[in-house]
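Beneath this line is the structure, given in structure tokens, with notes to follow.
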Amino acid sequence: MQALMLAAGMGKRLGRYTKNATKCMVPVNGKTLIEYAIEALVKNNIKKMIIVVGYKSDVLIDFIHSKFNKDNLKGMEISFIENKVYDKTNNIYSLFMAADELCKDDTILLESDLIFKPEIITKLIKSKDPNLAVVSHFESWMDGTCTLLDENNNITGILDKAHFNWFETEDYYKTVNIYKFSKDFSKNYYVPFLEAYQKAFGKNEYYEQVLKVLSFLSASTLKGLPVPGDDWYEIDDPADLAIAETRFAKGKTKLKLLQKNYGGYWRFPQLKDYCYLVNPYFPPQQMMNELQASFNTLLTQYPSGAAQMSLLAGKIFNLLPENIAVGNGAAELISSYCEGLEGKVAVPYPTFNEYPARFKNCELVEIDTSKNNFTYTADDILSVVKKEKVQSVLLINPDNPSGSFIDIKSILKLLKELKSLDVKLIFDESFIDFADKELRYTLLNQDILNEYPNLVIIKSISKSYGVPGLRLGVIASGEVESINKIKKINSIWNINSFAEYYLQIYEKYNKTYSAACDSIAEERAHFIKELSKIKHLKVYPSQANFVLCKLTGKTKSDELALKLIEKSNILIKDLTGKKCFDKPEYIRLAIKSREDNDIIVEALKSFVE
């Protein structure tokens, strides 16, 4: 068994990374792609490797000689074939240049822009099937040639981009661009067809086209070898490189890179996210179908401006449009409002860090709630207001990350007292819809806004309504000037057409939304009950869609987060370093569906107990 790598391309899309080096010399977590590939082949006892070089061939050859010798190659010989017209040809010509070598032995063919686990080569070698294409079940991040497999993994069709159908991807398997060809297959089938295809269509084509022809002629010629999507990654541009570094990082580095992304985890389908907070029971499928039905129109049309958005949001919450503004997520509104605030602001800690980060012109008066199990009352707030003579109060209810909750009677009493003291209340009710049904309320009420001009309400629609990808939030106040100021600060098209349409159609699904919130409350009770059974885990009461937990045994929160990502591909919120969480003892867990919650409970039993 030998290996043949195609490494003649210029890798233009990688920009500065390939200015003075080849594509396979791009480093991923401190090691180049060519090093990963050669080490994988050596590990699998491949004794001969042929590399077709072209662009910066001398640089690549020198690099390989500098990194590998007889000792670390363990007997594997590396030879080179140069494609001098690499800038005028494509990989079909590079492969044809190595046709004679291809016919000498069974061959593993691979491209140079891949990072992959060595186990893929192991599976190829061990398989009794002589001719294989490594494939992965299609995932949304993938791009390029796809195949169709029958029940015996025979490749029955190879699809190029022109014949790709997004509505049939459940049946698609993406080619990884790693193959195993028998000597007989190369000599009697592949090379003759390669030569004929090249003569007919030229040298600027792709070798996959020949495989497409062969699969059309005979479904049993080539089989697929399915591997998981997280076992490999193709690197074509800097964005791919960043994703590959995260996928193939280990330990603390991987955890840090995932946390640094702040989302975008659809690129990592195998990851189970218990860190970011979203409603798993809403929107319903019918609503998503309605959004999809208008996709083409929404994609190609401009959204409305702020005035129309206020009308839509006002309709949902039964508020006058002059009292409400819509933001690109609550984060935009927090920034727009809080950065213009001055004076002293009372902030119960721990809290959502986005608020303190935006109080740039304010003096923070910190209220430490950790001494009372992260709970506090309206009277506690009022006491600090009077003592410190603050101008504003931040109150997230339920609080993040504690889940602590203050009932409406206490809040209205506090509002009345603050009004008499001329103190603003910034009330974030992003999680309030998840409270138990008998406790659930909202301050987004026209009468309340009219009575308390000192009240400013911020609500994230992304979190509670299950659409974080749409980026929606609202801010409301009886003080019309404040709302007008927000509308002027934010850009005229801060909300896209998909988000606008969501606001337009929401009212038809408001009963479904209420039922979804009931489901969260019910699931939270079950989740807390199961978590409370785990030894060395203290679970705090919560009225949100997350739960604060304290590790009371030997396992520390940073150690737990690391074990979960390494062993179970589970991401949690480790609160270490956040104010009031100086010791590595606290974690926050998002509440998801029953199935997902059972997964995290079992994982915690394994690692905590």
Side-chain angles (χ1 to χ4, degrees), residues 302-341 392-397 408 411-416 418-420 422-433 440-465 467 470-511 513-514 517:
Y302 276 92
S304 303
Q308 180 64 25
M309 297 300 175
S310 291
L311 285 168
L312 292 173
K315 180 179 69 170
I316 290 173
F317 297 105
N318 200 23
L319 298 177
L320 294 172
E322 58 263 33
N323 293 120
I324 191 167
V326 182
N328 192 301
E332 182 185 46
L333 299 170
I334 293 169
S335 176
S336 300
Y337 181 78
C338 295
E339 288 185 359
L341 211 61
S392 304
V393 172
L394 170 67
L395 187 55
I396 303 174
N397 194 43
I408 188 168
I411 289 295
L412 291 177
K413 180 182 175 182
L414 174 64
L415 256 177
K416 187 176 181 179
L418 293 179
K419 181 181 177 182
S420 68
D422 194 25
V423 174
K424 290 184 184 296
L425 175 63
I426 304 165
F427 188 81
D428 188 317
E429 59 168 69
S430 295
F431 304 103
I432 207 164
D433 295 346
R440 199 177 301 161
Y441 66 92
T442 178
L443 294 187
L444 288 167
N445 177 287
Q446 191 64 53
D447 292 336
I448 292 176
L449 292 182
N450 293 340
E451 186 174 352
Y452 299 104
N454 62 317
L455 172 64
V456 176
I457 305 165
I458 294 176
K459 186 183 187 78
S460 167
I461 291 177
S462 300
K463 295 180 178 69
S464 50
Y465 291 76
V467 286
L470 291 183
R471 307 304 306 131
L472 276 171
V474 295
I475 185 169
S477 174
E479 202 174 57
V480 176
E481 287 184 11
S482 294
I483 298 301
N484 284 336
K485 188 177 179 181
I486 294 293
K487 291 175 183 177
K488 289 178 181 178
I489 290 172
N490 294 338
S491 63
I492 186 170
W493 290 304
N494 65 326
I495 306 302
N496 64 53
S497 295
F498 294 96
E500 179 183 2
Y501 190 68
Y502 178 90
L503 295 175
Q504 178 77 38
I505 67 175
Y506 165 76
E507 201 168 25
K508 292 185 284 184
Y509 302 94
N510 57 3
K511 290 183 179 178
Y513 175 67
S514 296
C517 294

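The residues of the chain are indexed from 1 along the displayed sequence. What you see is a predicted model, and the numbers here were worked out from it, not measured in a lab. Just so you know, these numbers use all the heavy atoms, side chains as well, and skip hydrogens, waters and symmetry mates.
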Minimum-distance pair of heavy atoms, taken over all atoms of [X] and [Y]:
X    : Y    : result
A313 : V326 : CB-CG2, 3.6 Å
E322 : K487 : CA-NZ, 4.3 Å
E451 : K419 : O-NZ, 2.7 Å
A325 : L333 : O-CD1, 4.3 Å
I495 : N328 : CD1-N, 3.6 Å
M309 : S304 : CE-O, 3.5 Å

Going by side chain to side chain contact (heavy atoms under 4.5 Å, CB included), F427 matches just one of L415, I432, L444. Which one?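 Only one of L415, I432, L444 forms a side chain to side chain contact (heavy atoms under 4.5 Å, CB included) with F427, namely I432.
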
Pick one: which of L470, L311, L472 meets side chain to side chain contact (heavy atoms under 4.5 Å, CB included) with L503?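 Of the listed residues L470, L311, L472, the side chain to side chain contact (heavy atoms under 4.5 Å, CB included) partner of L503 is L472.
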
Kindly assign one of parallel, tilted or perpendicular to the pair W493 and Y302, based on the angle between their ring planes and the thresholds 30° and 60°.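 W493 vs Y302 ring planes: tilted.
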
Closer than 3.5 angstrom, by distance alone: can the side chain of [X] be matched with the main-chain N or O of [Y] as a donor-acceptor pair?
X    : Y    : answer
E332 : N490 : no
N510 : I316 : no
N323 : S477 : yes
Q446 : L320 : yes
S310 : A306 : yes
S460 : G473 : no

Dump the intermediate steps for side-chain contact (heavy atoms from CB on, under 4.5 Å) on N454 and V423, then the final yes or no. CA-CA 7 Å; N454 62 317; V423 174; 5.8 Å; no

Do we see a donor-acceptor contact under 3.5 Å between the side chains of T442 and K459?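 Judged by distance alone, the side chains do not pair up.
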
Distance (rounded to the nearest 0.5 Å) between [X] [atom1] and [Y] [atom2]:
X    : Y    : atom1 : atom2 : value
Y465 : Y502 : OH    : OH    : 7.0 Å
I486 : I324 : CD1   : CD1   : 12.5 Å
L319 : N450 : CG    : CG    : 9.5 Å
L418 : K424 : CG    : NZ    : 11.5 Å
Q504 : Q308 : CD    : CD    : 7.0 Å

Counting C-beta onward and ignoring hydrogens, is there a side-chain heavy-atom pair between [X] and [Y] closer than 4.5 Å?
X    : Y    : answer
I411 : L395 : yes
V474 : I461 : yes
Y452 : L425 : no
L341 : S392 : yes

Within a radius of less than 6.0 Å around NZ of K508, do more than 12 heavy atoms belonging to other residues, nucleotides or ligands occur?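 Atom NZ in K508 is packed in, count exceeds 12.
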
